[in-house]
Amino acid sequence: MLVLYETALGHCLFKVSNEAKLESADLYRELESPEKASKLLKLKAIHRFTSTATAVEDITAMQDGKLGKCLKKFLTQEFVEKGKGKESMVVVDTKLSRSIAKKLSIKMAEESINPDLWRGIRS
């Protein structure tokens with residue numbers, strides 16, 4: 001499973017090494033330190049915003065549940081063109097998840113993700 005996460009820097013795509021741990025009630029323990037977190041999540045790709053204007057444009061689109069130009073290009077390059085179509089992906093926003101699935105035909109994970117995952121990535 002891949003995890004898409006948006007930061008002030010840009011978009012990050014992480015690979016989850018053990019999906020079963022995402023459903024664990026003590027997921028937070030796997031993310032307590034950078035060393036532990038790096039065993040569960042591996043950064044596979046990052047797309048840095050090229051300017052403040054593109055960042056604002058992309059983040060605004062994401063807040064509306066739409067696929068921005070930069071995000072679409074990033075996912076096309078990193079997911080579609082590299083043949084990762086067999087993997088599922090998860091994002092924090094369900095409306096954005098539907099937009100990605102519809103426009104890029106990417107299989108989105110349908111189960112709800114433990115909020116500790118997003119807290120762990122953020123910290």
Side-chain angles (χ1 to χ4, degrees):
M1 176 184 292
L2 296 169
V3 177
L4 178 66
Y5 191 76
E6 167 253 322
T7 68
L9 176 69
H11 305 292
C12 302
L13 197 58
F14 294 93
K15 169 82 173 147
V16 178
S17 62
N18 186 346
E19 291 180 35
K21 288 186 178 181
L22 293 181
E23 299 170 12
S24 171
D26 60 349
L27 174 63
Y28 69 93
R29 289 193 176 138
E30 299 294 329
L31 302 167
E32 284 180 329
S33 70
E35 294 79 21
K36 286 182 177 183
S38 69
K39 290 179 184 175
L40 180 64
L41 297 168
K42 302 283 185 207
L43 181 63
K44 289 296 178 183
I46 189 166
H47 175 269
R48 288 179 169 84
F49 294 125
T50 55
S51 69
T52 304
T54 58
V56 169
E57 182 181 318
D58 237 37
I59 290 171
T60 302
M62 288 177 67
Q63 288 174 340
D64 294 336
K66 297 177 182 172
L67 192 58
K69 292 176 189 175
C70 293
L71 180 56
K72 184 176 181 179
K73 182 179 177 183
F74 173 62
L75 291 177
T76 300
Q77 290 173 341
E78 294 298 328
F79 201 93
V80 178
E81 291 176 1
K82 291 189 177 179
K84 296 179 182 173
K86 294 178 183 174
E87 294 206 55
S88 62
M89 184 169 61
V90 64
V91 296
V92 71
D93 185 305
T94 55
K95 287 187 346 186
L96 179 61
S97 177
R98 280 185 244 133
S99 292
I100 292 170
K102 181 179 177 183
K103 292 192 177 185
L104 298 177
S105 300
I106 294 174
K107 180 183 170 192
M108 302 304 286
E110 296 186 16
E111 67 272 0
S112 62
I113 296 298
N114 188 330
D116 289 335
L117 173 65
W118 307 116
R119 284 186 209 107
I121 292 172
R122 189 173 39 238
S123 58

Members sharing Val56's hydrophobic cluster (side chains within less than 4.5 Å): none
N/O donor-acceptor pair under 3.5 Å between Ser88 side chain and Lys107 backbone: no
Minimum side-chain heavy-atom gap Glu6-Asp58 below 4.5 Å: no
Under 3.5 Å, which donor-acceptor pairs do the side chains of residues 61-75 form with other protein atoms, sequence neighbours left out?
none

Validation row: His47, Gln77 side chains within 4.5 angstrom (heavy atoms): no
Minimum-distance pair of heavy atoms, taken over all atoms of Phe49 and Gly10: CE1-CA, 3.4 Å
From OG (Ser99) to CE (Met108), nearest 0.5 Å: 9.5 Å
same_hphob_cluster(Leu43, Leu117) at 4.5 Å side-chain heavy-atom cutoff: yes
Heavy-atom side-chain contact between Leu41 and Leu31 under 4.5 Å: yes
Distance (rounded to the nearest 0.5 Å) between Ile121 CD1 and Thr7 OG1: 11.0 Å
Donor-acceptor pair, side chain of Glu19 and main chain of Met1, under 3.5 angstrom: yes
From Lys102 atom NZ to Ser97 atom OG, the distance as rounded to the nearest 0.5 Å: 13.5 Å
Between CG on residue Leu40 and CD on residue Glu30, distance to nearest 0.5 Å: 6.0 Å
Separation of Arg98 CZ from Asp93 CG (nearest 0.5 Å): 8.5 Å
Asp26 (side chain) donor-acceptor with Arg29 (main chain) under 3.5 angstrom: no
Test item: Val16 and Leu2 side chains (from C-beta on) under 4.5 Å apart, heavy atoms: no
Shared hydrophobic cluster for Val3 and Ile46 (ILVMFWY, side-chain gaps under 4.5 Å): no
Co-membership, hydrophobic cluster, residues Tyr5 and Leu27, 4.5 Å side-chain: yes
